[in-house]
Trainee: 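Before I ask anything, here is the structure I am working with.
Numbered from 1 within each chain, the chains take letters A, B, ... in sequence-line order. Here the structure is a predicted model, which is why all the values come from computation and not from measurement.
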2 protein chains.
Amino acid sequence: MAKHDPDLSLLFHALSDPTRRAILTRLAGGPAAVTDLAAPTGLRLPTVMRHLAVLEEAGLIASAKEGRVRSCAIVPEALAPVHGWLDDQRALWEGRLDRLDDYVMRLMKETGHDD
Amino acid sequence: MAKHDPDLSLLFHALSDPTRRAILTRLAGGPAAVTDLAAPTGLRLPTVMRHLAVLEEAGLIASAKEGRVRSCAIVPEALAPVHGWLDDQRALWEGRLDRLDDYVMRLMKETGHDD
DNA sequence: TGATTACTTAGCCATATGGCTAAGCATGAT
DNA sequence: ATCATGCTTAGCCATATGGCTAAGTAATCA
């Protein structure tokens, strides 16, 4: 198990960092330059650059350089695979809820609790 | 930026691995023992155990030991924060689509393309 | 031309991650 | 009582991640 869905892995990994999520939220308000994105993080430019690189490799943002300034913007469609996977899972999970409830009930009775 | 939402970070990180996602999908079909979960992965037991630990720390699964067998089951509500964050973002992102479109159009004209 | 500004690249460092083997320990079967 | 089963722990290893400083490069501005 280490090949399928590189998209999902890249996306989830990109979203797993608070700094990167904050950057995305900030970009939701409109495009911004690298320096402007770095300011509120308290991190150094190279560090922020790498976070941006991770976001861009995941396809979550796009950037373009105008003069000496690089502007970054979100790519809204990029979250589609994530929504898709989550919806699929939710369907599966909910579809099995009864069986899981039964199972949990049985465990409760037999062991008292977990572990 | 390195403190808020430990939940989301844990969840997204847990979901960022294909093996872990495969385990979740498998568990959607009903609870399973550690050995049964390990089989299809081609990985060794200790390795799978650690994946399970990550999933459990994120709250995505729960496990209970019956005799010498540990059974694992998904925790459906666990995905709620993820759905929540994604929906919030989608709302934000879509709310700004016009502005982003304008921006992209402008970039296209000015630079020809990205970078 | 020269100084700023805004990235960019290179490279170091500590910790985390994902894989493994080798033992250990408790439970169920013989 | 013994042995097999199923997990568990400990610990090693290579690579990845997230942070930094220092030293570029390229575009403005004075």
Trainee: Could you check how far CG of A:Asp17 sits from P of D:dA16, rounded to whole Å?
Mentor: 18 Å
Trainee: Select one nucleotide: of D:dG18, C:dG18, D:dT8, the one nearest the side-chain heavy atoms of B:Arg70.
Mentor: D:dT8
Trainee: Measure CG/A:Leu45 against P/C:dT4 and give the value in whole Å, please.
Mentor: 18 Å
Trainee: Rounded to the nearest Å, what distance is computed from the CG atom of residue A:Leu15 to the C1' atom of nucleotide D:dG18?
Mentor: 17 Å
Trainee: Say whether, by atom type as modelled, one donor and one acceptor occur between the side chain of A:Glu66 and the main chain of A:Ser71 under 3.5 angstrom.
Mentor: no
Trainee: Ignoring backbone atoms, test whether B:Thr47 places a side-chain nitrogen or oxygen under 4.0 Å from the OP1 or OP2 oxygen of C:dG18.
Mentor: no
Trainee: Is any side-chain N or O of A:Arg50 closer than 4.0 Å to OP1 or OP2 of C:dT9?
Mentor: no
Trainee: Main chain of B:Leu15, side chain of B:Arg20: is a donor-acceptor contact present, judged purely on distance under 3.5 Å?
Mentor: no
Trainee: Could you check how far CG of A:Leu10 sits from C1' of D:dA16, rounded to whole Å?
Mentor: 13 Å
Trainee: Do A:Leu8 and A:Val75 sit in the same hydrophobic cluster, where Ile, Leu, Val, Met, Phe, Trp and Tyr count as joined when their side-chain heavy atoms come under 4.5 Å apart?
Mentor: no
Trainee: Between C:dG18, C:dT21, D:dG18, which one does the side chain of B:Arg44 approach most closely?
Mentor: C:dT21
Trainee: Please report the distance, rounded to the nearest Å, between CE in A:Met49 and P in D:dT17.
Mentor: 17 Å
Trainee: Counting only side-chain N and O atoms of B:His51, is one of them less than 4.0 Å from OP1 or OP2 of C:dG19?
Mentor: yes
Trainee: Send over the distance from A:Arg21 CZ to D:dG18 P, rounded to a whole Å.
Mentor: 12 Å
Trainee: Do the side chains of B:Ile74 and B:Val69 join up, straight or via other hydrophobic residues, at under 4.5 Å, putting them in one cluster?
Mentor: no
Trainee: Output yes when a side-chain donor or acceptor of A:Glu56 lies under 3.5 Å from a complementary backbone atom of A:Ser63, and no otherwise.
Mentor: yes
Trainee: For A:Leu43 and D:dT21, what is the distance between atoms CG and P respectively, to the nearest whole Å?
Mentor: 11 Å
Trainee: Once rounded to the nearest 0.5 Å, what's the spacing between atom OG1 of A:Thr19 and atom CZ of A:Arg21?
Mentor: 9.0 Å
Trainee: For B:Asp36 and A:Arg20, find the nucleotide of DNA chain D closest to each by heavy atoms; which residue's nucleotide sits nearer the 5' end?
Mentor: B:Asp36
Trainee: Tell me the interatomic distance from A:His13, atom NE2, to C:dT17, atom P, rounded to whole angstroms.
Mentor: 10 Å
Trainee: Which residue pairs pass the ring pair (Phe, Tyr, Trp, His ring centres under 6.0 Å) test when at least one of the two sits in residues 12-48 of chain B, sequence neighbours left out?
Mentor: B:Phe12-B:Trp85
Trainee: Let me have a per-nucleotide readout for nucleotides 22-30 of chain D, 5' to 3', with B, S or -, counting only protein heavy atoms under 4.0 Å.
Mentor: B----BS--
